[in-house]
Protein chains: 2
Amino acid sequence: MNSFTEENYLKAIFKLSKHKEEVSTNAVADELNTKASSVTDMIKKLADKKLVNYAPYKGVNLTDAGRKIAVSVIRKHRLWEVFLVDKLKFKWDEVHDLAEELEHINSEELTERLEEFLEFPKYDPHGDPIPDKNGNIDRHKEQTLADLSINETGIIVGVKDHSKSYLNYLDNVGLVLGAEVQILGVVEFDNSMSISINKQGKTIISNQASKNLYIKKPN
Amino acid sequence: MNSFTEENYLKAIFKLSKHKEEVSTNAVADELNTKASSVTDMIKKLADKKLVNYAPYKGVNLTDAGRKIAVSVIRKHRLWEVFLVDKLKFKWDEVHDLAEELEHINSEELTERLEEFLEFPKYDPHGDPIPDKNGNIDRHKEQTLADLSINETGIIVGVKDHSKSYLNYLDNVGLVLGAEVQILGVVEFDNSMSISINKQGKTIISNQASKNLYIKKPN
DNA sequence: TAATATTTTTAGACTTATCTAAATTTATTT
DNA sequence: AAATAAATTTAGATAAGTCTAAAAATATTA
Ligand SMILES: [Mn+2]
Ligand SMILES: [Mn+2]
Ligand SMILES: [Mn+2]
Ligand SMILES: [Mn+2]
């Protein structure tokens, strides 16, 4: 068995691996709000357990065994978020911290029954794909609202930033999953956008806001 | 905030307090499968936090603050057990260990929404009363099946022993919550009983089995 | 009541995870 | 290629929780 802490390190390394093959000590320290020296210690332990490949000064990456654990923790995190939002009526900006704890309860039986109870959801409340029990994940489409040009339209399918403040802001302006957004104009100076939401009105959003919204082009 | 470990000690002391005002170091050690020396250490810490009253060699008991925490952990434990059985279709002998973990997730909001989602259950799957959010608990009726005499009838309302093997056995013979039991005979030698369950057939059960079943007399 | 047994506490050690400060290695500038 | 800067690792401490073995206190029994 692995401790909560070990699971959190594996999850952090997994997340950071999307951007770079080799993950640096400092990147992990930042992600987990801890110190580089603590990261070095933990990485050595994970390397002893063959959950990461590690060469001093060269960074880490996950072994297959490590990746399997990371994905299973992510699977549980996202399933619990669906439970909290769909069944307990939490809002999408309230569930992350609770899921951060629930994700460490290790019981295949529990996870599978929860998944069934939730009717096999494919995405969590933030639009992130839920890995299946074999560890397969839908690759996330990387197109954001900021990538669209004038007059183009997109459907919101996910958020990149999961912070309470961002999610709250999105709620307030109506930028929720499934909303249809059309670009009315882009300010060249700061890339802020003027948009319509579900063909309604005109809203100005910053580049900071638009580049954190995943969209898909409508069919 | 208190650690999982502290919460487990408080819960253990609460449970043992039902039988004796002052709880002994060894009793706690037994309950938690640990050593007396570890218990002494932890009790000192809990005393520093004013969660228990402690006099060396004299035993411990909970302060109001300590009791409040213990009851809130028990409340969460029992609510999660209801969730696991009612919603996820676990059997009553499968839920204890999972609830042991879930009970430590501290969020009033979560607990209250869960309780609402479950439609404010009064009892857990083993017939134990669920404390309300103010910490009030129904006093458990202390009458067991072993207390009945020939021809008397009782409805099963709870189990004292929560072990997998006992619960499993009860399932197999049909001694589940709500079952109506009538005493057909008692063997004086070992107090084993011959009973009918829901007016059906004749089953022999040991004193060990009958004294762990809580019953109420029918109206 | 004195001897013995039991219970409880203390002493000292170990593990996990963390930190600060110092040393080392790698990267970037001049 | 030195010198300087940045990143990373090591050294040494600390805190939580646990354990074994020994000491101290309490309870039992003769
Ligand atoms: Mn989340
Ligand atoms: Mn999410
Ligand atoms: Mn239980
Ligand atoms: Mn129970």
Side-chain angles (χ1 to χ4, degrees), chain A residues 1-14 16-17 19-62 66 69-70 73 100-101 103-106, chain B residues 1-14 16-17 19-62 66 69-70 73 100-101 103-106:
Chain A
M1 242 328 77
N2 307 291
S3 67
F4 286 20
T5 311
E6 288 170 312
E7 290 187 346
N8 284 333
Y9 272 86
L10 293 173
K11 200 163 57 117
I13 295 166
F14 179 84
L16 297 166
S17 295
H19 309 296
K20 255 194 180 139
E21 177 55 24
E22 298 295 327
V23 176
S24 79
T25 303
N26 269 345
V28 176
D30 268 20
E31 177 71 22
L32 295 176
N33 296 307
T34 184
K35 294 295 188 283
S37 55
S38 305
V39 174
T40 302
D41 285 349
M42 180 56 82
I43 283 173
K44 282 186 197 158
K45 191 202 293 188
L46 295 173
D48 285 348
K49 289 186 164 196
K50 312 268 190 218
L51 298 176
V52 300
N53 300 118
Y54 170 59
Y57 295 102
K58 304 297 179 186
V60 264
N61 54 48
L62 298 176
I69 294 168
V73 174
E100 231 20 73
E101 301 194 47
E103 72 188 2
H104 299 294
I105 293 177
N106 283 314
Chain B
M1 240 330 76
N2 307 290
S3 66
F4 287 20
T5 310
E6 288 169 314
E7 291 187 347
N8 284 333
Y9 272 86
L10 293 172
K11 200 163 56 117
I13 295 165
F14 178 85
L16 296 167
S17 295
H19 309 297
K20 254 191 182 144
E21 177 57 23
E22 299 294 328
V23 176
S24 78
T25 304
N26 268 345
V28 177
D30 269 19
E31 177 70 22
L32 294 176
N33 295 308
T34 184
K35 294 293 188 279
S37 56
S38 304
V39 174
T40 302
D41 285 349
M42 179 56 82
I43 282 172
K44 283 185 196 161
K45 191 202 295 190
L46 295 173
D48 285 348
K49 290 187 164 194
K50 312 268 190 217
L51 299 175
V52 300
N53 301 119
Y54 170 60
Y57 296 102
K58 305 295 181 189
V60 265
N61 54 48
L62 298 176
I69 294 168
V73 175
E100 261 331 289
E101 300 195 49
E103 71 188 3
H104 299 293
I105 294 178
N106 283 314

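Scope of the values below: all heavy atoms of this structure, side chains included, with no hydrogens, waters or symmetry mates.
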(request) With sequence neighbours left out, write down each residue that passes side chain to side chain contact (heavy atoms under 4.5 Å, CB included) with N26(A), or none if nothing qualifies. (result) S24(A), A36(A)
(request) State which of dT18(D), dT20(D), dC19(C) makes the closest approach to the side chain of T5(B). (result) dT18(D)
(request) Measure from the side chain of D41(B), starting at C-beta and using heavy atoms only, and say which of dC19(C), dT10(D), dC19(D) lies closest. (result) dC19(D)
(request) Would you mind telling me which of dT9(C), dT18(C), dT9(D) lies closest to the side-chain atoms of M42(A)? (result) dT18(C)
(request) List the atom of V52(B), the atom of L62(B), and the distance in Å for their closest heavy-atom pair. (result) CG1-CD2, 3.9 Å
(message) Nearest whole Å is fine: how far is dA23(D) P from Y57(B) OH?
(response) 13 Å
(message) Tell me the interatomic distance from E6(A), atom CD, to dT15(C), atom P, rounded to whole angstroms.
(response) 15 Å
(message) In terms of relative ring orientation, are F4(A) and F4(B) parallel, tilted or perpendicular, with 30° and 60° separating the classes?
(response) perpendicular
(message) Tell me whether E100(A) is salt-bridged to K11(A), with the criterion being a basic N under 4.0 Å from an acidic carboxylate O.
(response) yes
(message) Counting only side-chain heavy atoms from C-beta out, which of dC19(C), dT20(D), dT9(C) sits nearest to A36(B)?
(response) dT9(C)
(request) Give, ordered by number, those residues of residues 22-33 of chain A having at least one heavy-atom distance below 4.0 Å to an atom of DNA chain C; if nothing qualifies, reply none. (result) none
(request) Looking at every strand, decide which applies to Y9(A) at a 4.0 Å heavy-atom threshold: base, sugar-phosphate, or nothing. (result) sugar-phosphate
(request) Rounded off to whole Å, could you give me the CD-to-P distance for the E7(A) and dT16(C) pair? (result) 16 Å
(request) Tell me which nucleotide among dA11(C), dT24(C), dT18(D) gets nearest to the side chain of S38(B). (result) dT18(D)
(request) For K35(A) and dA6(D), give me the distance from atom NZ to atom C1', rounded to whole Å. (result) 17 Å
(message) A quick test of your reading: do over 12 heavy atoms of other residues, nucleotides or ligands sit less than 6.0 Å from NZ of K50(B)?
(response) no
